[in-house]
Amino acid sequence: MKVLCFIGGYGLAYDERLRKEAIELQLQGCKVEIIIAEPLNKAEKGKTIYGVDFQSVSLFTRKILPKKRFVILKATEMHLKFFFIFLTKKWDILWVHDHDMAPLLLYGWFIRLFSQKKIVWDQHELGPQMYFNNALYRVLLGIPDAVIHANHERANLLKQSLPSKYCTKFHVIENFPESEFIQSASSNLNYNFDRWLNGSSYILFQGVAAHHRKVMESIEAIHLFDDMRLLILGPCSEEIRIEIEQKWPNYRKKVFITGWVNPEMFIEYMDNAIASLVFYENIDLNHWLCAPNRFYNALLRAIPIISGPNPTMSNIITRYKCGIVCQENGADPEEVYLAIKCIMNEQNLYRNNCLYIREQYTWESQKEIFKKIINKA
C-alpha cells in the first residue's frame, strides 16, 4: 500500500515521531512518501536520511513576510500548494499529521467517494478545548478511518466530550524512543562539554529552554549547589539567553547550552547526568497532559526523572519510583534542589527502578497498534 503523509513540521532532521512512524510503516510493507513544509523553506525532492521519499514546498509568503506574522496568508499558500501536489499523487492511505493539516482530510474524503481509499488523522498534539464541541471539528473527526493520539490521557479527555461513534476509531501511539536507545553503549561525553564540565556532576535539562518549562527556576536550583552544573540539551532563544545573563552574569560557569542537537548524538551528552528535569507548566490541557519524548529518553537511559504533577509523567514516576514529582511543577527552586539531593542520596535505587521498567516504554512495543491501524484504515 502507498501511504501519503502530509505534515507542516519543524524539519525532517528533527521530527523523531515522523521518522519512526515512516520507518515502521515501511516495515509493515507500506511504501511511504512525505510531503512537508520545512522551516528551511526549500522546494526539493529526494530521500530522507532514513530512506523515505519526500517532497518539500517553498512558500513565497515566507520569503517576503516577517517571521511569525501573517500566518493565515502563509498557511493559505501552503495548503494551495499541498492541494495541487495531492492531485498528482497516487495513494492508498492518506496520513494527515496534526491539526494544521486538517483541510487535507476534506480532499481525502472527496477522493474516497469514488474509490476504496483510507484516511488516518495523526494528532501529535491535543487541540484547543474549544474544538471539542465544535461542529466542524466533529465533521473532521468523522472523516478518517483512524484517529491517532499521542497518549492515553489526551485520548480519554477527548472521549469524555464526544459521542462513542467517534471514539471507536481512536488509537494511541506514544512517542517512545526506539529500543536501540537502550542498546546503544555508553560513549565518552562530547569533547567540548566534557572539557567544560571538568569532572563536576551535572543535571540534564533536555529540550527548548523556555519559561513554561521552568528553565529559570532550574538554573536557580543549580546555583544552590556548590559543585553542580546544568546541561541544557536543546535550543535557547536570544531573549531567554539575555535574561539568564542579566540574572547570572557568570552563568556559563554553571550552565552549558548545546543548541539543536541531532537525536543520535543525545547519548554523548546525557548519559552521566544525575537526574533529568522535565517540567511543563499547566498553561493549557495540551501541556498538562504532555508525554514528552525527553521524559522517555531519560527513562530508557536509566536517568532518574524530576517532573511536575502532570498526569502522564507523575503516574509513571509514582508507580515505579523512577524519580521524584515536584508538586509546584518546577516553580519552586528550593523544591527542585531538594529533589535533586534526594536522588543523589539514593542514586542506585532510582537508576535500578528505571532499568526495571524501561523495556515497556520502547517504540517497538507498539508494533501491533500499527497493524491494527493499517488494517482498520
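If you're wondering where the values come from, they're calculated on a predicted model, not measured in any experiment.
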| task | Check step by step if salt bridge (charged side-chain N to carboxylate O under 4.0 Å, His left out) holds for Arg19 and Glu178. | result | CA-CA 11 Å; Arg19 179 187 67 81; Glu178 291 150 303; 2.4 Å; yes
For the residue pair [X] and [Y], what are the closest heavy atoms and their distance?
X      : Y      : value
Ile182 : Arg301 : O-NH1, 3.4 Å
Leu94  : Gly108 : CD2-CA, 3.8 Å
Lys117 : Asp145 : O-OD2, 4.5 Å
Glu281 : Asn329 : CA-ND2, 3.8 Å
Val32  : Val52  : O-CG1, 3.5 Å
Ala146 : His171 : CB-CD2, 3.9 Å

Please check: side-chain N/O of [X] versus main-chain N/O of [Y], any donor-acceptor pairing under 3.5 Å?
X      : Y      : result
Thr88  : Ile85  : yes
Arg229 : Trp196 : yes
Asn310 : Tyr280 : yes
Lys321 : Leu349 : no
Thr258 : Gly234 : yes
Asp98  : Asp100 : no
Glu335 : Glu328 : yes
Glu77  : Phe60  : yes
Ser307 : Val325 : no
Asn151 : Arg154 : yes

Is any side-chain heavy atom of [X] closer than 4.5 Å to a side-chain heavy atom of [Y]?
X      : Y      : answer
Tyr337 : Asp332 : no
Met101 : Phe82  : yes
Glu21  : Asp122 : yes
Ile203 : Phe225 : no
Lys31  : Asp53  : yes
Trp248 : Val255 : no
Leu126 : Phe132 : yes
Leu230 : Leu277 : yes

For the [atom1] atom on [X], are there more than 12 heavy atoms of other groups (residues, nucleotides or ligands in this structure) within a distance under 6.0 Å?
X      : atom1 : answer
Trp109 : CH2   : no
Tyr356 : OH    : no
Asn262 : CG    : yes
Lys67  : NZ    : no
Leu113 : CG    : yes

| task | For the residue pair Trp121 and Tyr137, categorise the inter-ring angle as parallel (less than 30°), tilted (30 to 60°) or perpendicular (more than 60°). | result |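 The arrangement is perpendicular - the two ring planes meet at more than 60°.
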| query | In terms of the angle between their ring planes, are Phe176 and Tyr361 parallel, tilted or perpendicular, with boundaries placed at 30° and 60°? | reply |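 Phe176 vs Tyr361 ring planes: perpendicular.
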So how far is it from [X] [atom1] to [Y] [atom2], rounded to the nearest 0.5 Å?
X      : Y      : atom1 : atom2 : result
His211 : Ile240 : NE2   : CD1   : 3.5 Å
Phe54  : Ile36  : CZ    : CD1   : 8.5 Å
Ile35  : Gln55  : CD1   : CD    : 4.5 Å
Ile267 : Asn297 : CD1   : CG    : 9.0 Å
Phe181 : Leu299 : CZ    : CG    : 10.5 Å
Trp95  : Leu4   : CH2   : CG    : 12.5 Å

If you group Ile, Leu, Val, Met, Phe, Trp and Tyr by side-chain heavy-atom gaps below 4.5 Å, do [X] and [Y] land in one group?
X      : Y      : answer
Leu289 : Phe279 : no
Ile324 : Ile316 : no
Val336 : Ile343 : yes
Leu105 : Leu162 : yes
Ile232 : Ile222 : yes

| For residues 159-168, which residue pairs qualify under side-chain hydrogen bond (donor to acceptor under 3.5 Å, both in side chains), counting only residues two or more places apart or in two chains? |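 As it turns out, there is no side-chain hydrogen bond (donor to acceptor under 3.5 Å, both in side chains) pair with a partner in residues 159-168 once direct neighbours are skipped.
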| request: Given side-chain contact (heavy atoms from CB on, under 4.5 Å), test Cys342 with Tyr350 step by step and report yes or no. | output: CA-CA 10 Å; Cys342 184; Tyr350 288 108; 3.6 Å; yes
I want to know whether [X] and [Y] have ring centres closer than 6.0 Å.
X      : Y      : result
Phe193 : Tyr202 : yes
Phe83  : Tyr107 : yes
Tyr296 : Trp363 : no

| field | Salt bridge Lys372-Glu368, side-chain N to carboxylate O under 4.0 Å | value | no
| query | Does Glu220 come within less than 4.0 Å of Lys247, counting only side-chain N to carboxylate O? | reply | yes
| said: Using the rule salt bridge (Lys or Arg N to Asp or Glu O under 4.0 Å), only one of Lys47, Lys45, Lys2 pairs with Glu33; which is it? | reply: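 In the set Lys47, Lys45, Lys2, the residue that makes a salt bridge (Lys or Arg N to Asp or Glu O under 4.0 Å) with Glu33 is Lys2.
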| request: Measure from NZ or CZ of Arg294 to the centre of the six-membered ring of Phe205 and say whether it is under 6.0 Å with the direction within 45° of the ring axis. | output: yes
| query | Looking at residues at least two apart in the chain, or sitting in another chain, which of them share a salt bridge (Lys or Arg N to Asp or Glu O under 4.0 Å) with Asp15? | reply |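 Scan of Asp15 (salt bridge (Lys or Arg N to Asp or Glu O under 4.0 Å), adjacent residues dropped) gives none.
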| field | Among His124, Glu16, Lys20, side-chain hydrogen bond (donor to acceptor under 3.5 Å, both in side chains) partner for Asn175 | value |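 Checked His124, Glu16, Lys20 against Asn175; only one passes side-chain hydrogen bond (donor to acceptor under 3.5 Å, both in side chains): Lys20.
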| task | Could you go through the side-chain hydrogen bond (donor to acceptor under 3.5 Å, both in side chains) check for Tyr320 and Asn353 one step at a time? | result | CA-CA 7 Å; Tyr320 297 110; Asn353 288 342; over 6 Å; no
